[in-house]
Participant: 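Have a look at this one before I ask anything.
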Amino acid sequence: MKNETYIADISQHKDQVVTVSGWLYNRRSSGKVHFLLVRDGTGIIQAVVGKKDVDEETFEKCKELPQESSLKVTGLVHEDHRAPGGFELHVNKVEIVHIAQDYPITPKEHGTTFLMDHRHLWLRSSKQHAILRVRHAIIRAARDFFDKKGFTLVDAPIFTPAACEGTSTLFETDYFGSKAYLTQSGQLYMEAAAMAFGKVYCFGPTFRAEKSKTRRHLTEFWMIEPEMAYCDLDGNMDIAEEFIEYIVQRILEENKEELKRLERDTSKLEKVQRPFPRISYDEAAKMLKDAGLDFVYGDDFGAPDETYISDQFDRPVMVHRYPAEVKAFYMKPDPADSTKALCVDVLAPEGYGEIIGGGQREDDYDKLIEKIKEHDLPMEAFEWYLDVRRYGSVPHAGFGMGIERAVAWICGLKHIRETIPFPRTISRIQP
Ligand code: 4AD
Ligand code: MG
C-alpha cells in the first residue's frame with residue numbers, strides 16, 4: 001500500500017515532490033500560512049501550507065485541525081537550515097484521513113499517573129519515543145554482541161515448574177490442575193543448553209511478584225541471559241564488561257539524536273570503557289562502613305547502599321563474592337572461603353545500581369542436592385536440572401541483564417516505568 005516517503009529519509013528527496021503520511025503533532029498559523037508539524041514515527045517535519053497553494057476548503061480545515069489528526073501531506077522537499085531536521089515541505093496537497101477528538105495529552109504539564117493511564121497515547125510524544133528507540137537499539141546491540149561471538153540463541157520457557165530466584169516473588173498459575181509459575185529467569189534452562197551448544201543465551205520476558213514499590217522494579221521485565229560451559233567467575237566478568245562496553249558505545253554511535261532529545265550527559269557514557277573496577281563484597285561493605293552508612297555486614301546491599309557504591313566510580317563496578325546466604329541456591333561457593341559465593345553484580349554508575357547479576361554455578365551433584373534441601377525447594381522439580389550434573393558436569397557461568405535497568409541508566413531516567421512500552425508494577429496492569 002505504501003510507496004510514500006518516510007521523514008527519516010527526507011534528505012534523499014531534496015527538491016522532489018513527496019507524500020508524507022502521519023499525524024499532526026503541532027500547528028501554528030498566521031493568516032496566510034499554516035505551519036503543520038507532522039510526525040510519522042520516523043521523524044517530524046514542518047509542512048508549510050500557504051493560502052495560495054491549496055484550495056480554500058483545505059486551507060480552512062487545516063486552520064482548525066486538532067492535534068493527532070491523521071493526514072497525508074504532499075509537497076516539495078525544501079532544504080532550510082532553520083527548520084528542525086534541516087528540511088521542510090512546501091505543501092500543495094493535504095488529505096485529511098481522520099479528524100481526531102480532543103487529544104488528552106497537551107503540551108501542558110501532566111502528572112505521572114495521568115500519563116501512565118494514557119501510556120498507549122503517551123508513546124507518541126517525543127521523549128517516550130526517544131526512550132523506546134534507545135531500548136530497541138540496546139536489544140539489537142545486545143543480541144549482536146552474542147551472535148557475533150558465536151553464542152546460540154536458545155529460548156527458555158515461560159511456564160516453569162519451579163523457582164529459580166527464590167519463592168517469595170513467584171507468580172503462580174493453574175496449569176491444568178497442577179501448579180505452574182511464570183518464569184523468573186531462563187538461567188536453569190540455559191545451563192542445560194550450554195552443555196549442548198557451549199555458549200548460549202536467551203532473551204525474553206521474566207516475571208517477579210515484587211511486592212514493594214520502587215524506582216527499579218517491575219513485575220514483568222525482559223532479561224538477556226548468556227551461559228557458558230567451561231567458564232569461571234573471572235571469565236564471566238570479562239564477558240560482562242565487554243558486553244556493557246559494547247552496548248554503550250553502540251548507543252553513543254547510533255542514537256545521538258535520541259540521547260540529545262533526552263538531554264543525556266553523554267560525557268558520562270563515554271567513560272564506560274574497560275577495564276571496570278572489580279571489588280569484593282567485603283571491600284564494598286568496608287566502603288559503606290567508612291562512609292557511616294547504616295549497613296549490616298552479611299546483608300545484601302539495599303538500593304541506597306548500591307547507589308553509594310556505584311557513585312564512587314565513573315564506570316560500572318563489578319562487586320563479587322557476596323555472602324552465599326543472601327544469594328540463590330545454584331551459586332558455587334568460593335573454594336577460598338565457603339561462606340562466600342562465586343557471584344558478581346554489576347552496578348551501573350551515577351547511582352543506578354545493579355544492572356547485571358550472575359556468577360559461577362554449583363557443578364557438583366551432591367553439593368547441589370544439599371543446597372536444594374537447604375533452600376527448602378521441591379527436589380522433584382529439579383530432577384531434570386540435576387541431570388546437568390549427572391552427565392558430563394563442567395564448570396560453567398553466566399549472567400542476566402535486565403533490559404529496563406540498562407535503558408534507565410543509558411537514557412538517564414529516574415524511574416524504570418518509562419523504559420518499557422507497557423509497564424507492569426504492583427499497582428499497574430493498565431493499559
Ligand atoms: O540478579 P537477578 O535476580 O539474577 C538472575 O535472575 C539470574 N538467574 C541471572 C543469570 O545469572 N542468568 O536478576 C538479573 C537482573 C538484575 O541485575 C536486574 O537488571 C534485572 O535482572 N532485574 C529486574 N529488572 C526489573 N525489575 C525487576 N523486578 C528485576 N529483578 C531483576
Ligand atoms: Mg540480583
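Remember, it's 1-based here, ligands and their atoms both numbered in the order they're listed.
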Participant: Just distances here: any N/O of Gly358 and N/O of ligand 1 closer than 3.5 Å?
Facilitator: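 It does not: no N or O of Gly358 is found under 3.5 Å from an N or O of ligand 1.
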Participant: Say whether Glu227, considering both its backbone and side-chain N or O atoms, lies within less than 3.5 Å of an N or O atom on ligand 1.
Facilitator: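 Between Glu227 and ligand 1 (N or O atoms, distance only) the closest approach is not under 3.5 Å.
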Participant: Would Ile416 count as a contact of ligand 1 if the rule is a heavy atom under 4.0 Å away?
Facilitator: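 For ligand 1, residue contact (heavy atoms, under 4.0 Å) with Ile416 is present.
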Participant: Can you confirm if the aromatic rings of Tyr391 and Tyr365 lie within a centre distance of less than 6.0 Å?
Facilitator: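 That pair fails the under 6.0 Å test.
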Participant: Taking distance alone, with no angle check, do Arg361 and ligand 1 share an N/O pair under 3.5 Å?
Facilitator: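 Yes.
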Participant: Is it true that Glu191 and His396 share a donor-acceptor pair across their side chains at a distance under 3.5 Å?
Facilitator: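 A donor-acceptor contact under 3.5 Å links the two side chains.
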Participant: For ligand 1, note which part of Arg208 has a heavy atom under 4.0 Å away: side chain, backbone, both or neither.
Facilitator: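 The part of Arg208 near ligand 1 is the side chain, not the backbone.
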Participant: Examine distances only and state if a side-chain atom of Asp40 and a backbone atom of Ile7 form a donor-acceptor pair shorter than 3.5 Å.
Facilitator: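 At least one qualifying donor-acceptor pair exists.
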Participant: Centre of Tyr385's six-membered ring, under 6.0 Å away, within 45 degrees of the axis: is that where NZ or CZ of Arg389 sits?
Facilitator: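 Yes, a cation-pi geometry holds between Arg389 and Tyr385.
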Participant: Which residue supplies the protein heavy atom nearest to atom 18 (C) of ligand 1, what is that atom called, and how far is it?
Facilitator: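 Checking every protein heavy atom, the shortest distance to atom 18 (C) of ligand 1 gives Arg405 NH1, 3.5 Å.
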Participant: I'd like to know whether the aromatic ring centres of Phe243 and Phe399 sit less than 6.0 Å apart in this structure.
Facilitator: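 Here the rings of Phe399 and Phe243 have centres that are less than 6.0 Å from each other.
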Participant: By number and element, which atoms of ligand 1 are closer than 4.0 Å to a non-hydrogen atom of Gly402?
Facilitator: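 In order of number, 15 (C), 19 (O), 20 (C), 21 (O).
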Participant: Between Phe114 and His110, how do the two ring planes meet: parallel, tilted or perpendicular, split at 30° and 60°?
Facilitator: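 Because their plane-to-plane angle is under 30°, the rings of Phe114 and His110 count as parallel.
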Participant: In ligand 1, which numbered atoms sit nearer than 4.0 Å to a non-hydrogen atom of Glu225?
Facilitator: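 It comes down to these atoms of ligand 1: 8 (N), 9 (C), 10 (C), 12 (N).
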Participant: Can you check whether Ile355 has an N/O within less than 3.5 Å of an N/O in ligand 1?
Facilitator: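 Yes: some nitrogen or oxygen of Ile355 is under 3.5 Å from one in ligand 1.
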Participant: For atom 30 (N) of ligand 1, which of Tyr189, Phe221, Tyr352 has the closest heavy atom?
Facilitator: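 Checking each option, the heavy atom nearest atom 30 (N) of ligand 1 is found in Phe221.
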Participant: Any idea which atoms of ligand 1 are less than 4.0 Å away from a heavy-atom of Tyr330?
Facilitator: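 The atoms of ligand 1 under 4.0 Å from a heavy atom of Tyr330 are 7 (C), 8 (N).
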Participant: Does the Lys NZ or Arg CZ of Arg39 fall within the cation-pi geometry relative to Tyr25 - under 6.0 Å from the ring centre and within 45° of the axis?
Facilitator: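 Judged by the rule, Arg39 and Tyr25 form no cation-pi pair.
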Participant: Is it the case that Lys327 places NZ or CZ above or below the six-membered ring of Tyr322, under 6.0 angstrom from the centre and within 45 degrees of the axis?
Facilitator: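 Relative to the ring axis of Tyr322, which defines the angle, Lys327 lies inside both limits.
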Participant: Can you list the atoms of ligand 1 that are under 4.0 Å from a heavy atom of Ile356?
Facilitator: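 By the 4.0 Å cutoff, the relevant atoms are 17 (O).
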Participant: Under 4.0 angstrom from ligand 1, any heavy atom of Glu354?
Facilitator: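 Flag set, Glu354 near ligand 1.
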Participant: Which protein N, O or S atoms sit under 2.8 Å from the Mg ion (ligand 2)?
Facilitator: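 Protein N, O or S atoms closer than 2.8 Å to the Mg ion (ligand 2): Glu354 OE2.
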Participant: Aromatic contact between Tyr189 and Trp384, with the criterion being ring centroids under 6.0 Å apart: yes or no?
Facilitator: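 Centroid separation for Tyr189 and Trp384: below 6.0 Å.
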Participant: Return the residue, atom name and 0.1 Å-rounded distance of the protein heavy atom closest to atom 14 (C) of ligand 1.
Facilitator: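 Looking at atom 14 (C) of ligand 1, the protein heavy atom closest to it is Met223 SD, 3.4 Å.
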Participant: Within ligand 1, which atoms have a heavy atom of Ser185 less than 4.0 Å away?
Facilitator: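 Those qualifying, in numeric order: 6 (O), 8 (N).
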Participant: Could you please spell out the steps behind the ring pair (Phe, Tyr, Trp, His ring centres under 6.0 Å) verdict for Phe329 and Phe382?
Facilitator: CA-CA 12 Å; Phe329 75 96; Phe382 291 98; 5.1 Å; yes
Participant: Should Leu218 be counted as touching ligand 1, given the test is an N or O pair under 3.5 Å?
Facilitator: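 Indeed, backbone or side chain, Leu218 has an N or O that close.
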Participant: Tell me whether Arg216 reaches ligand 1 (any heavy atom closer than 4.0 angstrom to a ligand atom).
Facilitator: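 Checking ligand 1 against Arg216, which is what was asked, there is a heavy-atom contact under 4.0 Å.
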Participant: Using modelled atom types only, decide if a donor and an acceptor are shared between the side chain of Ser125 and the backbone of Lys127 within a distance under 3.5 Å.
Facilitator: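 Side chain of Ser125 to backbone of Lys127, a donor-acceptor pair under 3.5 Å: no, none is there.
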Participant: Would you check if the side chain of Ser69 reaches a backbone N or O of Ala100 as a donor-acceptor pair within less than 3.5 Å?
Facilitator: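 A pair under 3.5 Å: yes.
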Participant: Tell me whether the rings of Phe171 and Phe207 are parallel (<30°), tilted (30 to 60°) or perpendicular (>60°).
Facilitator: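 Ring orientation, 0 to 90° scale: perpendicular.
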Participant: What closest approach, in Å, do Ile416 and His217 show between heavy atoms, and which atom pair accounts for it?
Facilitator: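 Of all heavy-atom pairs spanning Ile416 and His217, the closest is CG2-N, 3.9 Å.
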Participant: For a salt bridge (Lys or Arg N to Asp or Glu O under 4.0 Å) check, start with the C-alpha distance between Arg82 and Glu88, then their side-chain angles and the critical distance, and finish with the verdict.
Facilitator: CA-CA 9 Å; Arg82 292 162 304 173; Glu88 56 182 26; 5.8 Å; no
Participant: Give the atom numbers and elements of ligand 1 that come within less than 4.0 Å of a heavy atom of Gly357.
Facilitator: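 Those atoms are 1 (O), 9 (C), 10 (C), 11 (O), 17 (O).
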Participant: So for ligand 1, is Glu165 a polar contact partner (N or O within less than 3.5 Å, distance only)?
Facilitator: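 N/O-N/O distance below 3.5 Å exists for this pair.
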